[in-house]
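Inspection log for the structure reproduced underneath, given as structure tokens.
In this chain, numbering begins with 1 at the start of the sequence shown.
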Amino acid sequence: MWLFLVFITLVFGVLAGLYAWTVYQKLEESQIGHPRVAELSEIIHGGAMAFLKKEYSWLAPFVGVVAVLLVAALGLGAAFAFVLGALCSATAGWIGMYVATNSNGRTTYAALSAMPAETQSAKKAKKSAAVDLEKSEAAAEPEAPAETESKGGLLTAAGNALEVAFSGGSIVGMVVVGLGLIGLAVSYLFLNDVTALTAFGMGASSIALFARVGGGIYTKAADVGADLVGKVEAGIPEDDPRNPAVIADNVGDNVGDIAGMGADLFESYVNSILAAMAIGAVYTFTPGIADSQLGLWGIGFPLFLAAWGVFSSIVGCMMISQKAPYASTVRSIIGKLPGMNSVVKRIEDGDAAFALRTGTFVAGGLMIAGTFILSILFFFSNSINVFLSVTSGVLAGIIIGIVTEIYTSGDYKFVKSVAASSDTGAATVILSGLSLGMMSTGIPVLLICLSTLISYYLAGMFGVAVAAVGMLSITGISLSVDAYGPIADNAGGIAEMSELPEGVRKITDHLDAIGNTTAAMGKGLAIGSAALTALALFVAYSQAAKIDKIDIMNPYVIVGLLIGGMLPFIFCSLSIDAVSKAAGSMIEEVRRQFHEIPGIMEGTGRPEYEKCVAISTHAALTQMIVPGVMAIIVPVLVGFILGKEALGGLLGGSIVTGVMMALFMANSGGAWDNAKKYIEEGHFNGKGSPNHAAAVVGDTVGDPFKDTAGPALNILIKLMTVVALVLAPLF
């Protein structure tokens, strides 16, 4: 039976990989016919891959040391799973970075190609310095793009660009779930032990935390420096090539939002599955299958859920992008369903936001239908209970995403209120954003509580665990939608630096704005799933450590609770302070270049981009160490010094404050970002006004909130819990 589980898991993991490879082959067929766009894309690609290579060279000794310690403490099996988890997480980030940085320029050119011929060669009136690190001759007049392709492509300019950007994003998403399932299958094949298998999640979480923190420091140091000096002080547009930090900023978008996010979602995905497997292996239904432990049935169900999620995600991706294999067949089938013909037509007409949402909803609907069938096959009389538990997680995740959109999208009153506060300066922008973030924790937390209680009532802690799997079951398409956003953002930067017509930037900005909203929704979903996964891992730890209850009257437990509650604050402090210091160095460097390099503002002097890249790189690599190591060392010290009950208290405290802080920071940051964009659209006096300057300040405060500390908190609480679970036999 267990070999059959391994086989099915491997098959669907390979299926995800084959889908990604097929889309990549089609993406490679799209050539960049504009030399400046091609050059800039290559520069960003080279800078991003160089940073990732350096980051991984720093992390390799850490992985080696931990592996040796695990061999000594728990044996070769745990060390093997840990190393494999780390390798799979790093590979997911590497492939994601490689694909994204090869998609950005293609997205720019797709937007340009779809524009009317008479506007394609139009130049902006302003002069700017050429971003020429080696080949100034590449700034030649652009070639005339080929006629707009209509075969297999969406029909508008935005649709063409969406097609390319989403293709890149879908490769990232499918690689993450494919590697996750393949890694779990291989680990299970060699170990045949769910307890030892949890070390795979520990390896994945370790790399993900460093990647998230390091990537977040890199990108936000560059972003803050570029915005405050370029936009506010110098009054030049975003991504203007006269800004010395512009290359570091665009490289950072990929380092943080692609490699970091890919590793982040990889560890979320595998840890939710592992938590459900660990609980399912020993869980007993009352009444259940002859009142016996679920055993392989409990282990197999999460794996089959994840496998069906791969299939559902692939179908959802086919709804969005016709670069996907068999996309036309899928659309034809779905279009024949009652009321769906108009839906398919609207997608093909190039409505980007509608396409992304529809694809996600189709994947979610398929997932719920498949879950119902799997529940019957696995649990017989308890099938409805398990099905409703999973569904509660899926629905809670969707609603959390919708609530997040309402709080962070410029289409709703909350962001408009933050934008309106710019009338009275940066201080009120910051205050209104902080208030919004705090208030936004309410509904998501209540939804998490409701899902927890419903799933627990229906199927005990196994129900809670599979609810988390349900939330992340369609990670393939959720991450595809998330990853497309940074690609569109990079495409806009390349358009600006290439001096393409304003219409190209409007297209990429439109796609980027949609991407910001979908990313915010994804972050809300990630936080909700992190809470349920951490709770399930916590229960698995209690089982492994043979703890019947956590007594809050025990002073050791109280101490553990307080330490655990403190850790997310210390972690955020270290992360934000790292961004602040690095951004300060970046600001000083950009100011120096503006003052000392002759002709930089006139477009005749070349900025020293490489110095800004060096600042971000050094800050990211040196400042990521302490927060990352802290997450591993503190649970170990508390477990050995204060005992396993105190460690249980620490985990509980970190879950409570970590979830609150993550929600607060993600939503505040998202609201500040979109308030700035709302003003840039022409509201409240528009670009260049005092309102805009105030909103930019708010956005720079929000940058480390939403892209460095906030998302890393999800990993922090799970990493500490999985470390405790792996080492439970030692305490």
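- Contacts of Phe51 classified as ring-ring contact (aromatic ring centres under 6.0 Å, His included), with partners at least two apart in sequence or in another chain: Tyr218.
- Taking the side chain to side chain contact (heavy atoms under 4.5 Å, CB included) definition, one finds that Leu87 meets it with Val83, sequence neighbours left out.
- A 4.5 Å side-chain heavy-atom check between Trp94 and Lys53 finds at least one atom pair inside the cut-off.
- Between the side chains of Lys718 and Ser268, a donor-acceptor pair is found at a separation under 3.5 Å.
- In this view, Ser575 satisfies the side chain to side chain donor-acceptor pair (under 3.5 Å) rule with no residue, not counting sequence neighbours.
- Counting only distance, with no hydrogens or angles, the side chain of Asn102 and the backbone of Tyr98 share a donor-acceptor pair below 3.5 Å.
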Criterion side-chain hydrogen bond (donor to acceptor under 3.5 Å, both in side chains) on Asn271 and Ser205, from CA distance to verdict: CA-CA 8 Å; Asn271 274 317; Ser205 295; 2.8 Å; yes

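- For the pair Arg212 and Glu267, the salt-bridge criterion is not met [side-chain N within less than 4.0 Å of a carboxylate O].
- When all heavy atoms of Val429 and Ser422 are compared, the closest pair comes out as CG2-CA, 3.5 Å.
- Counting only distance, with no hydrogens or angles, the side chain of Asn490 and the backbone of Asn250 share a donor-acceptor pair below 3.5 Å.
- A side-chain donor from one of Ser41 and Asn104 sits under 3.5 Å from a side-chain acceptor of the other.
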Step-by-step side-chain hydrogen bond (donor to acceptor under 3.5 Å, both in side chains) determination, Thr428 to Ser421: CA-CA 6 Å; Thr428 47; Ser421 68; 4.6 Å; no

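- Between Tyr407 and Met439, some side-chain heavy-atom pair lies under the 4.5 Å cut-off.
- Looking at Met49 and His45, their side chains come closer than 4.5 Å, going by heavy atoms from C-beta outward.
- Distance check, rounded to the nearest 0.5 Å: CG of Asp699 to CH2 of Trp672 gives 9.5 Å.
- In this structure, Tyr484 contributes its side chain and Leu511 its backbone to a donor-acceptor pair below 3.5 Å.
- Ser89 places no side-chain N or O within donor-acceptor distance of the main-chain N or O of Gly85, the cut-off being under 3.5 Å.
- Side chain of His595 to main chain of Arg591: a donor-acceptor pair is present (N/O by atom type, distance under 3.5 Å, no hydrogens or angles).
- Formation of a donor-acceptor pair under 3.5 Å by the Tyr56 side chain with backbone atoms of Ala90 is found in this model.
- Nearest approach of Ala245 to Val590, heavy atoms of both residues: CB-CG2, 3.9 Å.
- Proximity of Ile679 to Lys687: side-chain heavy atoms (C-beta onward) are nowhere separated by under 4.5 Å.
- With a 4.5 Å cut-off on side-chain heavy atoms, Pro711 and Met261 do not count as touching.
- You'll find the side chain of Met497 reaches within 4.5 Å of the side chain of Ile247, heavy atoms only.
- You'll find the side chain of Ile632 reaches within 4.5 Å of the side chain of Phe62, heavy atoms only.
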Working for side chain to side chain contact (heavy atoms under 4.5 Å, CB included), residues Phe200 and Cys88: CA-CA 9 Å; Phe200 181 89; Cys88 287; 4.2 Å; yes

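- Pairing each heavy atom of Val255 with each of Gly215, the nearest pair is CG1-CA, 3.4 Å.
- The CE atom of Met566 sits 12.5 Å away from the CG atom of Leu561 when rounded to the nearest 0.5 Å.
- One distance of note links CG of Leu434 with CZ of Phe705; it measures 5.5 Å at 0.5 Å rounding.
- Under a 3.5 Å cut-off, the side chain of Ser206 and the backbone N or O of Met202 do form a donor-acceptor pair.
- Rounding to the nearest 0.5 Å gives a distance of 15.5 Å between NZ of Lys581 and CD1 of Ile615.
- Of all the heavy atoms in Ile217 and Val579, the pair that sits closest is CA-CG2, 4.0 Å.
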Phe82 vs Val63, side chain to side chain contact (heavy atoms under 4.5 Å, CB included): CA-CA, chis, key distance, verdict: CA-CA 8 Å; Phe82 171 81; Val63 173; 3.9 Å; yes

Asp703/Thr708 under side chain to side chain contact (heavy atoms under 4.5 Å, CB included): CA gap, chis, key distance, verdict: CA-CA 7 Å; Asp703 275 338; Thr708 307; over 6 Å; no

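- In this structure, Phe210 has its ring center at least 6.0 angstrom away from the ring center of Trp58.
- Residues Leu713 and Val659 have side chains not in contact (no heavy-atom distance under 4.5 Å, counting atoms from C-beta outward).
- Shown here for Gln623 and Ala578, the closest heavy-atom pair between the two residues is CB-CB, 3.5 Å.
- Using a 4.0 Å cut-off between a side-chain N of Lys or Arg and a carboxylate O of Asp or Glu, Lys611 and Glu608 qualify as a salt bridge.
- In this structure, Ser580 contributes its side chain and Ile576 its backbone to no donor-acceptor pair below 3.5 Å.
- Distance check, rounded to the nearest 0.5 Å: CD1 of Ile655 to CE of Met660 gives 11.0 Å.
- Under a 3.5 Å cut-off, the side chain of Thr219 and the backbone N or O of Gly252 do form a donor-acceptor pair.
- For the residue pair Asp223 and Thr700, no side-chain donor N or O sits within less than 3.5 Å of a side-chain acceptor on the partner.
- Ala468 and Thr533 get closest at one heavy-atom pair: CB-OG1, 3.5 Å.
- Residue Met630 holds its CE atom at 10.0 Å from CG of Leu719, rounded to the nearest 0.5 Å.
- Of the possible donor and acceptor atoms, none in the side chain of Asn254 sits under 3.5 Å from a partner among the backbone N and O of Met97.
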Criterion side chain to side chain contact (heavy atoms under 4.5 Å, CB included) on Val172 and Ile487, from CA distance to verdict: CA-CA 11 Å; Val172 177; Ile487 294 173; 5.6 Å; no

